[in-house]
Every structure is written in C-alpha cells, then in structure tokens.
Student: 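The structure under discussion is supplied below as structure tokens; questions concerning it will follow.
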Amino acid sequence: MTDQAAKAARFLELHRAGDPLVMPNPWDAGSARLMAWLGFEALATTSSGFAATLGRVDGGVSRDEALAHAAALVAATDLPVSADLENCYGDDPDGVAETARGAVAAGLAGFSVEDYDPNTKSIYPRDAAIERVRAAVEVAHAAPGAPLVVTGRAEGFLREREPDRDEIIGRLQAYQEVGADVLFAPGPADGETVAAIVSSVDRPVNVLARPGAPTVPELGKLGVARISVGGGLAFAAIGSWIGAARELRERGTYGYFEQMAAGGKAARDAFR
C-alpha cells in the first residue's frame, strides 16, 4: 500500500457516525503544522481561506493554484489531507475528471466536488451534477494511490434563497448511488435538518460548524461523522490580527503582546 493509499484509508476510517472527526481547515503550511501539533487527526483545505492569503475572495483561485496549495499542505504534515476543490473546476464530467487526476497527483487523501456553478451562480441540474460526481469517483477510486475519499456536496442550503430540503437530500442520495464516500450539504444549523440528512443516507455525513449549530457532542448524538469549519479559523485569525493592527494604529498601545507571546510560543513548539 502506498503512503497516499494508507492516508486515504485512514481518513475514511476516521469517519465514525456518533464519534465525529473534527477536521480543521488550515490555509497554509504553517497553520497546517500548528493544527497537527494541536492533535487533529486530519486536515482539509479551505478555498476561501487560501484565496484570502492571495488577496482574493472565495472563487478567485485557479485549478493549478488550488492543487499546488493542496500539495503544499500534504507535504507539511503526515496527516491525511482532503481538498475543497469547489466545483472541481469543471462544468462537465471531463473537466471534473481532470481536476480529480490533479488531486491524485497532489497526494491528497480526498477531495470534494460541489454542485454549484460559479459561472452562472446557480445549482447544476440534477442529472449533470450526478454525472460530475460520478466522474470524480471513477478517477479517485481507480488511481494508483486509490481509493481517495470523495465528498459529494449539495450546495442548495447555502446558495438558494428558498432551498428545497427534499431536493437537496435527493441529490445526496444520488451522489451516494454513484459512489461518493462522504456526503455534505453545508448550511443547516438546526438539529432536525441534520438528523433528517443523516437518516436519509448510508454514507458518513459532514456538517459545517457555524453559529447556532449544535455542538460537536450534540452533532455526534445525531449521527454526524465529520465536522469541518471551512474558512472559519482562517478568518478568525485575520480578525485577531486586524484587531491588533487597529490597536497599534489607532490607539498606539500594545495590548496584543500577550496574545502575540502565546502565538509565538505555539509556533516555536509546533515548528521545532
């Protein structure tokens, strides 16, 4: 078994309904190493957090940039890494397959494919979305480092003004049928909807941590197998240093030094 295959197998094993994998989303190699040092068992990239490091908004990163970034995070630690590859940079199955091959080459343990079209700012028709997930699975499960863990994402809760829960769940079920290993419908913050999603499928379910959502233990009781934070930690970090910079610029004081000292010690301990 290759190192990549071992990481992919380990990554899937970590998805336990009722005992969810809490998976943070680092935005560069340093934050990846810090999160590994803190004891997390797997990592995922964040498209929005990485875009912010380049001075761009979410959706402003190219396929080549996203895959190079993913490879850098893979190299930073020994943990399995899954990549947020947005719509897999392809409107059709061929485009998705090309990105999936890049994910394999980057050494990833897994990646996600969304059913949202950033060009038209709409959800792909169901049949097209299913074929796109199928293409991702065929590449991920047949590669030398395979099988990589494919997360099928239904974006309706986040992207539609009036999301249709039954349609979103139906899409997750369809993604399961074509081989998706993990299912993810980011957005719901109420336990009843999360429970409905979990009970409707036979694959591990990922939930996005967000304000108002059940706590990690509560999500575990609902049968959730994975919890991720998207760009949450990246933007929390940005918020912290913006606050420190504003204090310095606007007040001329140094109250942030206590927090800076704690951060410096953590970096030294993690990077040593």
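Heavy-atom basis, side chains included; hydrogens, waters and symmetry copies ignored.
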Student: Quick check for you: to the nearest 0.5 Å, what is the distance between Arg33 atom CZ and Leu79 atom CG?
Tutor: 12.0 Å

Student: For the residue pair Gly95 and Arg63, what are the closest heavy atoms and their distance?
Tutor: O-NH2, 3.2 Å

Student: In Å and rounded to the nearest 0.5 Å, what is the CD to NZ distance from Gln4 to Lys7?
Tutor: 8.5 Å

Student: Can you tell whether the side chains of Arg171 and Asp115 come within less than 4.0 Å, N to carboxylate O?
Tutor: yes

Student: Restricting to non-hydrogen atoms, name the atom on Gly231 and the atom on Ser48 that form the minimum distance, rounded to 0.1 Å.
Tutor: CA-OG, 3.5 Å

Student: Going by salt bridge (Lys or Arg N to Asp or Glu O under 4.0 Å), name the residues that satisfy it together with Arg226, two or more places apart in sequence or in a different chain.
Tutor: none

Student: Taking atom CG of Asp78 as the centre, does the number of heavy atoms from other residues, nucleotides or ligands within less than 6.0 Å exceed 12?
Tutor: no

Student: Do Ser122 and Tyr116 come within less than 4.5 Å of each other through their side chains, counting heavy atoms only?
Tutor: no

Student: Measuring only between side-chain heavy atoms, which start at C-beta, is Thr99 closer than 4.5 Å to Phe111?
Tutor: no

Student: What's the separation between atom OG in Ser31 and atom CG in Leu73, rounded to the nearest 0.5 Å?
Tutor: 6.5 Å

Student: Between Val22 and Leu233, is there a shared hydrophobic cluster once you connect ILVMFWY residues whose side-chain heavy atoms come closer than 4.5 Å?
Tutor: yes

Student: Asn87 and Pro118: which non-hydrogen atoms are nearest, and at how many Å?
Tutor: ND2-CD, 3.5 Å

Student: Do Val178 and Ile197 belong to the same hydrophobic cluster, where Ile, Leu, Val, Met, Phe, Trp and Tyr are linked whenever their side-chain heavy atoms lie under 4.5 Å apart, directly or via other members?
Tutor: yes

Student: Measuring only between side-chain heavy atoms, which start at C-beta, is Leu222 closer than 4.5 Å to Leu219?
Tutor: yes

Student: Would you check if Leu43 and Ser82 make a side-chain contact, meaning some heavy-atom pair closer than 4.5 Å?
Tutor: no

Student: State, without any angle test, whether His69 and Asp28 hold a side-chain donor-acceptor pair at a distance under 3.5 Å.
Tutor: no

Student: To the nearest 0.5 angstrom, please state how far the CZ atom of Phe157 sits from the CG atom of Asp164.
Tutor: 8.5 Å

Student: Given Ser228 and Asn25, is the side-chain hydrogen bond (donor to acceptor under 3.5 Å, both in side chains) satisfied, shown in steps?
Tutor: CA-CA 7 Å; Ser228 55; Asn25 301 69; 4.8 Å; no

Student: Kindly determine whether His141 and Asp181 satisfy side-chain contact (heavy atoms from CB on, under 4.5 Å), including the steps that lead there.
Tutor: CA-CA 10 Å; His141 288 187; Asp181 303 289; 2.9 Å; yes

Student: Over all heavy atoms of both residues, which pair between Thr45 and Ala83 is shortest? Give the atoms and the distance, please.
Tutor: OG1-CA, 3.3 Å

Student: Can you confirm whether Arg16 is buried at CZ, in the sense that more than 12 heavy atoms of other residues, nucleotides or ligands lie under 6.0 Å from that atom?
Tutor: yes

Student: Is there side-chain contact between Arg153 and Asp84, with heavy atoms separated by less than 4.5 Å?
Tutor: yes

Student: For a quick test of reading the model, state the closest non-hydrogen atom pair linking Pro80 to Ala109 and the distance between them.
Tutor: CB-CB, 3.8 Å

Student: Not counting sequence neighbours, which residues clear ring pair (Phe, Tyr, Trp, His ring centres under 6.0 Å) with Phe11? List them please.
Tutor: His15

Student: With rounding to the nearest 0.5 angstrom, report the CE to OG1 distance, Met35 to Thr77.
Tutor: 11.0 Å

Student: May I ask you to decide if Ala196's main-chain N or O and Ser199's side chain share a donor-acceptor pair within less than 3.5 Å?
Tutor: yes

Student: Salt-bridge test for Glu218 and Lys221: reply yes if a basic N is under 4.0 Å from a carboxylate O, no otherwise.
Tutor: no

Student: Do Ile169 and Val113 share a hydrophobic cluster, counting only Ile, Leu, Val, Met, Phe, Trp and Tyr and linking them when any side-chain heavy atoms are less than 4.5 Å apart?
Tutor: yes

Student: List the atom of Leu172, the atom of Ala185, and the distance in Å for their closest heavy-atom pair.
Tutor: CD1-CB, 3.9 Å

Student: Hey, could you give me the CG/CD distance between Asp92 and Glu98, rounded to the nearest 0.5 Å?
Tutor: 10.0 Å

Student: Check this for me: does any side-chain nitrogen of one of Glu114 and Arg132 sit under 4.0 Å from a carboxylate oxygen of the other?
Tutor: no

Student: Find out whether Pro186 and Glu155 are in side-chain contact, i.e. whether some heavy atom of one side chain is under 4.5 Å from a heavy atom of the other.
Tutor: yes

Student: Could you tell me if the side chain of Ile227 sits less than 4.5 Å from the side chain of Leu21, heavy atoms only?
Tutor: no

Student: Which pairs count as side-chain hydrogen bond (donor to acceptor under 3.5 Å, both in side chains) when at least one residue sits in residues 250-263, sequence neighbours excluded?
Tutor: Glu247-Thr253

Student: Under the side-chain contact (heavy atoms from CB on, under 4.5 Å) rule, what do Val104 and Leu148 come out as? Steps first, then yes or no, please.
Tutor: CA-CA 8 Å; Val104 174; Leu148 272 65; 4.0 Å; yes

Student: Tell me whether Ser240 contacts the main-chain N or O of Ala236 through its side chain, where contact means a donor paired with an acceptor under 3.5 Å.
Tutor: yes

Student: Run the salt-bridge test on Asp117 and Lys121 with the 4.0 Å N-O cut-off and return the result as yes or no.
Tutor: no

Student: Flag yes if Phe184 and Tyr175 sit in one hydrophobic cluster, no otherwise; membership is Ile, Leu, Val, Met, Phe, Trp, Tyr, and two members link when side-chain heavy atoms are under 4.5 Å apart.
Tutor: no

Student: Do the non-hydrogen side-chain atoms of Leu183 and Pro204 ever get within less than 4.5 Å of each other?
Tutor: no

Student: Do Leu158 and Ile123 sit in one hydrophobic cluster, given that two such residues count as connected whenever their side-chain heavy atoms are within less than 4.5 Å of each other, even indirectly?
Tutor: no

Student: Run the numbers on Glu192 and Arg165 for salt bridge (Lys or Arg N to Asp or Glu O under 4.0 Å), then give the verdict.
Tutor: CA-CA 12 Å; Glu192 193 274 329; Arg165 189 172 90 172; 2.7 Å; yes

